[in-house]
Structures are given as C-alpha cells and as structure tokens.
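Here is the structure we will look at, set down as structure tokens.
Chain A is the first sequence line, chain B the second, and so forth, proteins listed ahead of strands; every chain is numbered from 1.
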Amino acid sequence: MGAGKGDAMILSIFKDCFETLFFKGDYSGCSRFIRLFADKSGHRRLAAFFSRDRCSRINVLTVDKEPGVNMDQTYIRDVSEHVGEEITIKGWLYNQRSSGKLIFPQIRDGSGIIQGVVFKKNVPERVWTDFEGLTQESSIIVRGRVRADERAPGGYELDVSDVEVLQTAEAYPITPKEHGVEFLMDHRHLWLRSRRQHAILTVRAEVIRAVRDYFDSNGFLLMDTPIFTPAACEGTTTLFSVDYFEDTTAYLAQSGQLYNEATAAAFGKVYCFGPTFRAEKSKTRRHLTEFWMVEPEVAYADLDDIMELAEDFITFIVHRVLENRRKELDEMERDISRLEKIEPPFPRLQYDDAVRMLQEGHEKGELESQFEWGGDFGSPDETYLSNRFDRPVMVHRYPAAVKAFYMKPDPERAELALCVDVLAPEGYGEVIGGGQRADDLAYLLKQIHEHGLPEDAFDWYLDLRKYGTFPHGGFGMGIERCMAWLCGIEHIRETIPFPRMLYRLKP
RNA sequence: UGUAGGGUAGCUCAGUUGGGAGAGCUCUUGUCUGUUAAACAAGAUGUCGCGGGUUCGAACCCCGCCCCUACAUCCA
C-alpha cells in the first residue's frame, strides 16, 4: 500500500470519529508521523483513540493550533473545509477584473489562489474604494465567507466583507501577459509568485522530499560531504576556486563521491545530498553552475546492484510526484501519460549496442552525425537513444577511456568500464551517472598517473584500497535535470528558485 | 570558446530603394451586477544597446565593443 493512500484512510477514520477535530496542512507522504491540530476536547479523545492501539505504528502529535500561524488566519488550500464560514486570508492581490458594480479580486497567499467577489451594494463604501484602488501584488488582509461556485476558478469563492490594505504596490513589472526570458530572469525574485513557477517549485520540494524518504527508509545513512575541497575530484572538469585564508586555495565541490566511498566503508549504505559546483563554460538548457545532486554509495554493490537501485529510485520518485503533485503537473500542462509509463524494468543497453543503434540511425537518415565506437555520446546521440524507449534507458559499459579514472574495468573486457548512465525519456538527457568503483590499489595508481592527477592529493582515497578494500558503487542524480524531465520543462533554469548560470549571478 | 539569430515605449514585437518612430498589452480616465489574460471608448509613454564612420540625411549601410538567445564542446 502506498504511503499516501494509507494516510488518506487514517484521515477519513479521524474525520468520522471526531467532530471537534480539524485538519490543516499536507500529510501526503508521511507514513509514520502525522501531526493533528485539535482543541482540548479533541486532544483528549485522540489520546483515548490511540490508547486502544488501533494505529500503533502511527506516531501522533497533537497541538492546539498550527505552529507559526495566527488562529484567525486560514490558508487558501484549506478553504474547502470552511464552506459557509467567515474566514480571514492574508496575502497579495494576484489579479483583478471588474465589471461595473462588481469586482473579482484574485487573492493568493502562497498556498493557493482564490477568487473574491465584491458587490458594491453589499460592502461599506470604504471597502469598495479600497479594492478599486488596489494594484497588482498589493499586500492585503481579506475577510469574507467561503462559498462553492462553479463559475470560480478553483471551485470556491470568497464573498468579501472587509479588507485591510497593508500596502498599495508600485506598478508591478510582471503583468499577466507575455514576457521574454531575459526580463523574467532579471525579475526572478518576483517571477516566483506566478502560477507556473509556483507549481514547478512545489514539485521540486516534493522530489527532494521523495529523495530523502527513499534513502532514509531503505537503510541509507545521510553523510554530508564537504563543499570546500582541496583539489579536483575528477580532474577534467573545471572547478570554482576560493581563497582559503592565507596562501591557500580551496575548490567548491563538484561531487561528494570520493568522500562517500570513505563513509560507505564506515557505514555500509550512505548518501549525500547538497549543492554541487561546476565551472564549465557551457550554456545550454541542461546546465547550471550550481545544482543539487544526490549521491548514494553502497558497499559490496556491483554494477547490476547499482542499476537496480537507480531503477527503483527513479520509479519511486515518479510515483510519489504522480501521487501527490498531480494538480501542479496539470497546472503546467504536463503530459502525465508519459510519466505513468515509468515502471521497472528499464531497458539496459550495452554501449556496444547503443553504438550500433546510433549507426543504424545514421544509415536511415534519422541522425545527422556518424558515430564511431570509442567516443562519448553527444547531446543529439543521447536524444536519439532516449527517443527509442518510453522509459529511462540505462546505457552501461562505456569505453574506460572516456570515463573517470575511478571506474572499475570490466573483468571480461578490460577496455570497458563498469559504469552506467541513465538517460531520461523525451530527450531530457543524462539524469544519472554512476557505476562500480575501482577497488584495486595498483590499477587506481596507474589511472591517477595516466590522467595526470597529483598522487599526493589522493593519498587518503588510496588508503581505502589499502585497509580492507571492497567492491562498491553508487551514482549521482542531478535534481534539476530530473525535475526538467518530470515537469516537461524546456530549460533547467526554471527548476531551481535562483539559478546560477554562466553569465547569470543575479538575483 | 565556436556557429547562427537578436537588442526599437514599462512588456511583447512590427518597421527595405536611407527621408515623417509605430501596433498590441501594461498604466490613467469613463461605461457595464458574473469577470475568466474580461469587453468597449478616450488618453499618456522613446538615449531605436554603446562608440565611431559613410551620407545633405542613418533604427536601416560599414567598423569596433557590450549584452541576450539557441545549438555545439563539457557534464548531472
């Protein structure tokens, strides 16, 4: 049973049992802990309910009210529970249409948008003139009665009785019309308020929560790896450097993997999750200079184990988003049927076979460039491959020469690396890269020398091969690329609140 | 870094033989008791990216620079 369904069942039991109980917030996805808000009577009856051990696996906390919120404030996401009641909404004016003696303000409060109705005849003159003078994004506190109405976007309306204007906003730059990319990016701090961006970033929070829930509930331990690092992890890609006190240069982390190989030896199954920095001068729709990456590392795992983990992990995230954020996906007009097809098993494609596929594509005239065995795939190649399948495709065993120094060579064909790239469907490119790590000291030393890396920078890493070396592997998933695919977004810059890109550091 | 396209009103854009700087939206005012990016009427808005050149005359042609976008290289 999915966690969300279980919660829905429990919530319905509560609603049947307790008249005095009221619910707020969003419980989706929390299978062990539910927080309820009840008055004193409800509190006592809840205690009795749980003493009968009907839901012993659920840890319930009861408090008198939602923390951090005034008792007199109602969030727009909760209005369906307040039909017929007089409520107070604290928020901003999203947009306003008027028609003579009628004004329809659209009010947003971060949790949703509700349409208000102001009849000139039914409100004091001050309220009417206050609304007449309101500009887009003015901050307001609105009082009114909730009513279900088919004509309203969202299905519920607020019959406004009173308004308090905190500030009449200056002319708001982002109008409900078309805007160009540059203008919107310059106003990213305001753009976040608009519907589509709100939906996208709500899904992002859901994806991140799913990532944490997945690893936390599958025996992984969170190990935060450092952001200041002494030298290149992989050598090839460019790093951001910062002054580290006198005479020392530190580099911003481009991966936590090498450190997680150490923590995996200490804790078995680990993951790190944090910002990652790459100073690559690439400006494409798939690149950020600062992005979030989650990297699991598993002791005694081989390449097949890692592929199975990646497949199960991606499926979990897709299911969670479909279950909890369907409204947001609809809001951004995502073709959900494409996501509903994401079920294991994912196709596993050997590099050799992928190359054959690309060459056939070229012969058929479906692919412009001629691909030669031995190279890494370019972006058009990845797109071509991923379009052959309706679910993520796992390409494994690339030539060792095009991959990082720490990859374990295939014992059956030493020229291949035991690695895997997961290509998202619909041309969204590589969302996961990983594989099995080289565990032989002599081989690693040879690789470090051949890649021209400083051996002394890796002395601690090489220690892991001296003191109980072990087979292990893992992968890294870029949150933003995964997001772009899940949400069907053209450009990765919309999947993070404040994107950092080549030539963009502000706002 | 390379290739291609672009920079004109607050926003989105049109503007060719080189000669009067424009449209829609936003905004302001007015009409309308159910608007859905409301509609209708009237009004306001400019360093044509910056610098130089050609010309009687440059948004338009030439040179240099700046900025943006897409793609490629790189990668998640």
Using a 4.0 Å heavy-atom cut-off, does A:P173 contact any base of the nucleic acid, only the sugar-phosphate backbone, or nothing at all? nothing
Closest approach to the side chain of A:V181, judged atom by atom: which nucleotide of B:G34, B:U69, B:A72 is it? B:U69
Which of parallel (below 30°), tilted (30 to 60°) and perpendicular (above 60°) describes A:F277 and A:F240? perpendicular
Run A:F475 and A:Y271 through ring pair (Phe, Tyr, Trp, His ring centres under 6.0 Å) and show every step you take. CA-CA 10 Å; A:F475 62 77; A:Y271 74 101; over 10 Å; no
Decide side-chain hydrogen bond (donor to acceptor under 3.5 Å, both in side chains) for A:E206 and A:N324; before the verdict, give the C-alpha distance in whole Å, the side-chain angles of both, and the deciding distance to 0.1 Å. CA-CA 8 Å; A:E206 188 72 45; A:N324 292 341; 3.0 Å; yes
When the P atoms of B:C40 and B:U35 are considered, how many whole Å apart are they? 15 Å
Taking only the side-chain nitrogens and oxygens of A:H491, find out if one of them lies under 4.0 Å from OP1 or OP2 of B:A70. yes
Pairing partner of B:C40, by Watson-Crick or G-U wobble and under 3.5 Å for both distances, is B:G30
Honestly, is A:R388 close enough over A:Y384, meaning NZ or CZ under 6.0 Å from the six-membered ring centre and within 45° of the axis? yes
Go through the N and O atoms of the side chain of A:K121 and the base of B:U33, and report whether any donor-acceptor pair is under 3.5 Å. yes
If the C1' atom of B:U73 is compared with that of B:U55, how far apart are they to the nearest Å? 44 Å
When both distances are under 3.5 Å in a Watson-Crick or G-U wobble arrangement, the nucleotide paired with B:G24 is B:C11
Measuring to OP1 and OP2 of B:A70, would you say a side-chain N or O of A:R493 lies under 4.0 angstrom away? yes
B:C48 to B:A58 separation - P atoms, rounded to the nearest Å: 13 Å
A:F131 has an atom CZ; how far is it from atom C1' of B:U33, in whole Å? 16 Å
Is there aromatic stacking of A:F104 against B:G34, centre distance under 5.5 Å, plane angle under 30°? no
A:M407 atom CE is separated from B:C75 atom P, nearest whole Å, by 10 Å
Pick base, sugar-phosphate or nothing for A:Q115, based on heavy-atom distances below 4.0 Å to the nucleic acid. base
A:Q106 CD - B:A37 C1' separation (whole Å): 10 Å
Determine the contact category for A:R147: base if any of its heavy atoms lies under 4.0 Å from a base atom, sugar-phosphate if only primed atoms, P, OP1 or OP2 are that close, otherwise nothing. base
Strand partner of B:G64, provided both Watson-Crick or wobble distances fall under 3.5 Å: B:C50
N/O (side chain, A:S379) to phosphate O (OP1/OP2, B:A72) under 4.0 Å: yes
Among B:U1, B:C74, B:C32, the one nearest A:K281 by side-chain distance: B:U1
Could you tell me whether the side chain of A:R204 reaches within less than 4.5 Å of the side chain of A:W292, counting heavy atoms only? yes
Considering only the C1' atoms, how many Å lie between B:C63 and B:U28, rounded to the nearest integer? 45 Å
In whole angstrom, give the distance that lies between atom CG of A:L239 and atom P of B:A76. 13 Å
Pick the nucleotide of RNA chain B nearest each of A:G433 and A:G180; which residue has the one closer to the 5' end? A:G180
Just to be sure I understand the rule, does A:D421 reach a base, reach only the sugar-phosphate, or reach nothing, if contact means heavy atoms closer than 4.0 Å? nothing
Roughly how many Å is it from CH2 in A:W191 to P in B:C11, rounded to a whole number? 16 Å
Which is true for A:K283 with a 4.0 Å heavy-atom rule: it touches a base, it touches only sugar-phosphate, or it touches nothing? base
Span that lies between the C1' atom of B:G57 and that of B:G10, in whole angstrom: 32 Å
Counting C-beta onward and ignoring hydrogens, is there a side-chain heavy-atom pair between A:R500 and A:L505 closer than 4.5 Å? yes
Take atom P in B:U8 and the same atom in B:U16, then report the distance between them in whole Å. 16 Å
Does B:A70 have its OP1 or OP2 closer than 4.0 Å to a side-chain nitrogen or oxygen of A:R285? no
Is there a side-chain contact between A:C419 and A:Q436, using heavy atoms and a 4.5 Å cut-off? no
Rounded distance in Å - CZ (A:R504) to C1' (B:C67): 11 Å
Both A:R481 and A:R151 contact RNA chain B. Taking the nearest nucleotide for each, which residue is further toward the 5' end? A:R151
Provide the distance between the two C1' atoms, one in B:A37 and one in B:C11, to the nearest whole Å. 14 Å
Row check, A:F389 ring normal vs A:R391 NZ/CZ: under 6.0 Å, within 45°: no
Report which part of the nucleic acid A:T175 touches: base, sugar-phosphate, or nothing (heavy-atom distance under 4.0 Å, all strands). sugar-phosphate
Just checking A:H187: base, sugar-phosphate only, or nothing, at a heavy-atom cut-off of under 4.0 Å? nothing
Side chain of A:E182 (C-beta onward), nearest among B:A76, B:U1, B:C67: B:C67
Gap between atoms CZ and C1', on A:F183 and B:G7 respectively (whole Å): 16 Å
Length of the CG-P vector between A:L486 and B:A76, whole Å: 19 Å
As its Watson-Crick or G-U partner within any shown strand, both distances under 3.5 Å, B:U17 has none
Does B:A70 have a Watson-Crick or wobble partner in any strand here, with both distances under 3.5 angstrom, and which is it? B:U3
Please evaluate the base of B:C11 for a donor-acceptor partner in the side chain of A:H179 within a cut-off of under 3.5 Å? no
Describe the nucleic acid contact of A:Y172 in one word from base, sugar-phosphate, nothing, applying a heavy-atom distance below 4.0 Å. nothing
For the residue pair A:H198 and A:L201, establish whether any side-chain heavy-atom pair is separated by less than 4.5 Å. no
Would you mind classifying the nucleic acid contact of A:G378 as base, sugar-phosphate or nothing, using non-hydrogen atoms under 4.0 angstrom? sugar-phosphate
Looking across every strand, which nucleic acid part, if any, lies under 4.0 Å from A:L288 by heavy atom: base, sugar-phosphate, or nothing? base
Between B:G15 and B:G30, how many Å separate the two C1' atoms, rounded to a whole number? 33 Å
